[in-house]
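Input: a single structure, listed below in structure tokens.
When reading the values below, keep in mind they use all heavy atoms of this one structure, side chains included, and skip hydrogens, waters and symmetry mates.
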Amino acid sequence: MNIENLWIEYSETKDKELKKKLIEYYVSLVKIVAGRMYNFYGSKIEYDDLLGYGILGLIDSIDKFDITKNIKFETYAQIRIKGAIIDNIRKLDWIPRSLRKKSKDLQNAISLLENRLGRTPNNYEISEHLNITIKELELLMSDMSTFNVSSLEEFLISGGDYSNNISQDNSTPEGAFEKKEIERLLANSIDSLSKNEKKVISLYYYDELTYKEIGHVMELSESRISQIHSKSILKIRNHLEKNGVGRRL
């Protein structure tokens, strides 16, 4: 039975054996997603754990996927698989509360200074506002690199809750409009970044390079790339939140 017929029969019967075949068919997708995320979470968690969380996301995707919608399953499932992994990592709560607070303080500082100055603040201005040294600011941005690993795609779609809010229905006029509006806001957010920040975002999210690989391309240290990435994400989030996207983060 080919995959199309398998989906049709499973949708009609919800047969457990058919579901098992779907899981087996798509488990390679989970391995790809888990492998990519291991590049960032590897120092904190085992690959097999990421794979296990991803499988949960795959099962959830199969349960909720609607074959009548004009959406490719792989696209839909990748988001839920990544979301399931991140949700479960968050439950482990290995990110110190103090780092979460510092991250929020830094995001607020950038937002406040942007409003006050009418432009993006430089690191000196941010460190002065936070009453910390430049070195402390750079160290904070490096520490936040893993914390900020959640992709823009996940941020935009879920607003921080990957379990409940992922919509697969972009076929309605409302859904299509919302998707286009978010894409427009994201494009504007990225346009507001500096040349180096745009390059890091492009290499990280579109070319899926690691910090180390981006460092080689841009002839900068891995630590410097993580700092640029962290600051870029905070700026993008500020821009999006000002426009009503992902306010709960």
Side-chain angles (χ1 to χ4, degrees), residues 1-42 45-90 149-184 186-187 190 201-210 213 245-246:
M1 186 184 303
N2 63 32
I3 190 65
E4 288 79 14
N5 290 335
L6 186 58
W7 267 116
I8 292 171
E9 190 165 340
Y10 173 70
S11 298
E12 292 172 348
T13 64
K14 299 299 180 185
D15 181 87
K16 289 182 180 178
E17 286 302 314
L18 296 177
K19 182 177 180 178
K20 185 180 175 183
K21 288 181 180 178
L22 286 171
I23 293 171
E24 291 171 350
Y25 184 85
Y26 290 108
V27 74
S28 59
L29 183 64
V30 180
K31 290 179 179 177
I32 292 171
V33 175
R36 287 174 183 163
M37 299 186 77
Y38 186 69
N39 288 331
F40 309 105
Y41 289 112
I45 194 166
E46 298 293 329
Y47 170 76
D48 286 346
D49 290 328
L50 296 179
L51 194 60
Y53 299 147
I55 293 291
L56 294 176
L58 174 62
I59 293 171
D60 186 53
S61 303
I62 292 172
D63 286 340
K64 295 178 178 174
F65 187 63
D66 185 346
I67 64 170
T68 66
K69 305 296 182 183
N70 187 26
I71 296 174
K72 192 175 180 182
F73 176 77
E74 285 86 345
T75 304
Y76 170 71
Q78 277 195 50
I79 297 170
R80 298 201 77 91
I81 290 167
K82 284 190 283 188
I85 290 174
I86 290 176
D87 268 354
N88 279 282
I89 288 176
R90 283 177 172 174
V149 74
S150 301
S151 76
L152 294 177
E153 180 185 46
E154 294 153 353
F155 169 77
L156 292 167
I157 291 176
S158 68
D161 182 354
Y162 304 101
S163 299
N164 301 316
N165 296 319
I166 296 175
S167 168
Q168 60 171 307
D169 190 0
N170 289 322
S171 59
T172 65
E174 295 81 5
F177 175 79
E178 183 179 4
K179 182 173 182 291
K180 279 194 172 181
E181 182 64 7
I182 289 176
E183 288 174 349
R184 185 185 66 79
L186 177 58
I190 294 174
I201 291 297
S202 175
L203 293 173
Y204 185 87
Y205 290 100
Y206 295 100
D207 296 311
E208 298 185 342
L209 301 187
T210 64
E213 291 168 336
V245 180

Taking all non-hydrogen atoms of both residues into account, name the closest pair between A77 and L29 and its distance. CB-CD2, 4.0 Å
Indicate the ring-plane relationship of F73 and F65, choosing parallel, tilted or perpendicular according to the 30° and 60° boundaries. perpendicular
Once you measure the plane-to-plane angle for Y47 and Y38, does it fall in the parallel (<30°), tilted (30-60°) or perpendicular (>60°) bin? perpendicular
Can you tell me if D66 uses its side chain to pair, donor with acceptor, with the backbone of T68 under 3.5 Å? yes
Do E4 and I67 have side chains that get closer than 4.5 Å, going by heavy atoms? no
For residues K21 and Y10, determine if any side-chain heavy atom of one lies less than 4.5 Å from a side-chain heavy atom of the other. no
Pairwise distance CG(D207) to CD1(I201) - rounded to 0.5 angstrom: 12.0 Å
Is Y26 close to I3 at the side-chain level, that is, under 4.5 Å between some pair of heavy atoms? yes
Correct closest heavy-atom pair for L58 and I23 would be CD2-O, 3.7 Å
Examine distances only and state if a side-chain atom of D60 and a backbone atom of L56 form a donor-acceptor pair shorter than 3.5 Å. no
Provide the closest heavy-atom pair for G57 versus A84 in the form atom of the first, atom of the second, distance. CA-CB, 3.5 Å
Any heavy-atom pair between the side chains of I59 and K19 that's under 4.5 Å? yes
K14 NZ: over 12 foreign heavy atoms closer than 6.0 Å: yes
Going from CD on E9 to CD on E17, what distance comes out if it is rounded to the nearest 0.5 angstrom? 12.0 Å
Hey, does W7 have a side-chain heavy atom less than 4.5 Å from the side chain of I62? yes
Which value, rounded to the nearest 0.5 Å, describes the distance between Q78 atom CD and I32 atom CD1? 7.5 Å
Distance, nearest 0.5 Å, that separates CD1 of I86 from CG of L50: 10.0 Å
Once rounded to the nearest 0.5 Å, what's the spacing between atom CG of L18 and atom CG of N5? 11.0 Å
